[in-house]
Amino acid sequence: MTAKNQSDDQLGRARVKDDAVLEAYYDDLAKYDTAALWTVANDIEPWEPTPASAPVIWRHADLRDKILASLDLVSPEAAGRRVIYLRNPKRKEVSAACGWLFSGIQVMRPGESAPAHNHAASALRFIMEGAGAYTVVDGHRLTLGAKDFVITPNGTWHEHGVLESGETSMWQDGLDIPLTNALEANFYEVHPDDYQNSNLPTDASPASFGAPGLLPAKEKWGAFYSPLMKYSWDQTYEGLRRYATVTDGCPFDGIIMRYTNPNTGGHPMATMGAHMQLLRQGEHTKAHRHTGNVIYHVAKGQGYSVIGGVRFDWREKDIFCVPPWVWHEHVNTDEGDDACLFSFNDLPVMEKLHFYREQAYPENDGRQEITATA
Ligand code: GTQ
Ligand code: FE2
């Protein structure tokens, strides 16, 4: 079976030639809230995904001062959360960074706290800088260290703050708010006591569930999400380095590992997944494309990614996105050190709905031609 070309002028596609009689017919149908499928069929059934989002890079050097400026402009009490969000120029109407994913940078000063709330959308955090920051997720108080990955699953109470003794702290938030809204399933509640009260020891979750290959023998965990709510950078980086000694890695992603729910081996939350990947010294991956949206955060090092033929140079704390079905490859330009990319995605949704597809770049030994630089 050979694939046919993607021309709309063939049997199996809509190719009606409109004339005055048909136009009058369409007008008549419209009066009864109806329309002819063949007038829209080729648009609503594209040959392959036609992503609405632009590939974008948000460089920390451009944003840091602007994010810090918000400290003097609004309080967490007034703003709810003090977040500057990443707004894809082609997704303004849904406040998305890419596809149906929201992302922003949250900033708090020592002594500040944001009130507890919960929502149907899930959230995750990737810590960028500061000291003494914490989050409380359903009574679990978690300390936040640089490059730690923390989850706030769908429906959990959560609040954040920075201890009086800490430093101004910044982290990236990732939420599936646009997806939850698109599905018209979002709810929001403020906590009846404004802030959570909990007797659980600080960092009980990583202390109980964060040892590799071990789970508490006598503790039950009934929730659908991961009992491990914080994945520390030290363990993650160590895991990647050790894995790198025994594998050639993935041609498209280098040494890549997935954050998991230790109870199930599945994703930590229902709708969003996350990875950390290591690009070895000078590594240049091959290009591929797949369904699902991915938002990357440069955790370490420097390099560039080629996304849809455009070169995006990045360094630590830069954030960039890859919309669905867009070719992408990654390069670590440092010959002397590795580079690490954190990323989060909507792949759990793609997988559950059996929408996941992937393709290797077929030409030029898997490398795209660079047509522009962002
Ligand atoms: O910290 O709970 O960036 O609810 C957007 C929505 C952060 C949060 C965001 C949120 C939060
Ligand atoms: Fe929230």
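Just so you know, ligand 1 is whichever comes first in the structure, and atom 1 is the first atom listed for that ligand. Quick note: numbers below take in every heavy atom, side chains included, and nothing from hydrogens, waters or symmetry partners.
Protein heavy atom in closest approach to atom 5 (C) of ligand 1: L175 CD1, 3.5 Å. Given atom 7 (C) of ligand 1, the protein heavy atom at minimum distance is D173 OD2, 3.2 Å.
With values rounded to the nearest 0.5 angstrom, E283 atom CD is found 12.5 Å from T333 atom OG1.
W327 does not carry R367 over the face of its six-membered ring by the limits of under 6.0 Å from the centre and within 45° of the normal.
Taking the side chain as every heavy atom from C-beta outward, F102 and Y85 approach each other to under 4.5 Å. Residues H267 and R258 meet the side-chain proximity criterion, which asks for heavy atoms closer than 4.5 Å.
In Y85, neither the side chain nor the backbone holds a heavy atom less than 4.0 Å from any atom of ligand 1. Counting heavy atoms under 4.0 Å from ligand 1, residue T152 does not touch it at all.
Compare E159, H160, R125, R81 by their heavy atoms: the one nearest to atom 4 (O) of ligand 1 is in R81.
Put simply, the angle at the Fe ion (ligand 2) from NE2 in H119 to NE2 in H117 is close to 110°, to the nearest 10°.
Of all N, O or S atoms in H158, the one lying closest to the Fe ion (ligand 2) is NE2.
Using the six-membered ring where Trp is involved, H117 and H119 have ring planes that are tilted, between 30° and 60° apart.
With salt bridges taken as basic N to acidic carboxylate O contacts below 4.0 Å, one links D72 and R109.
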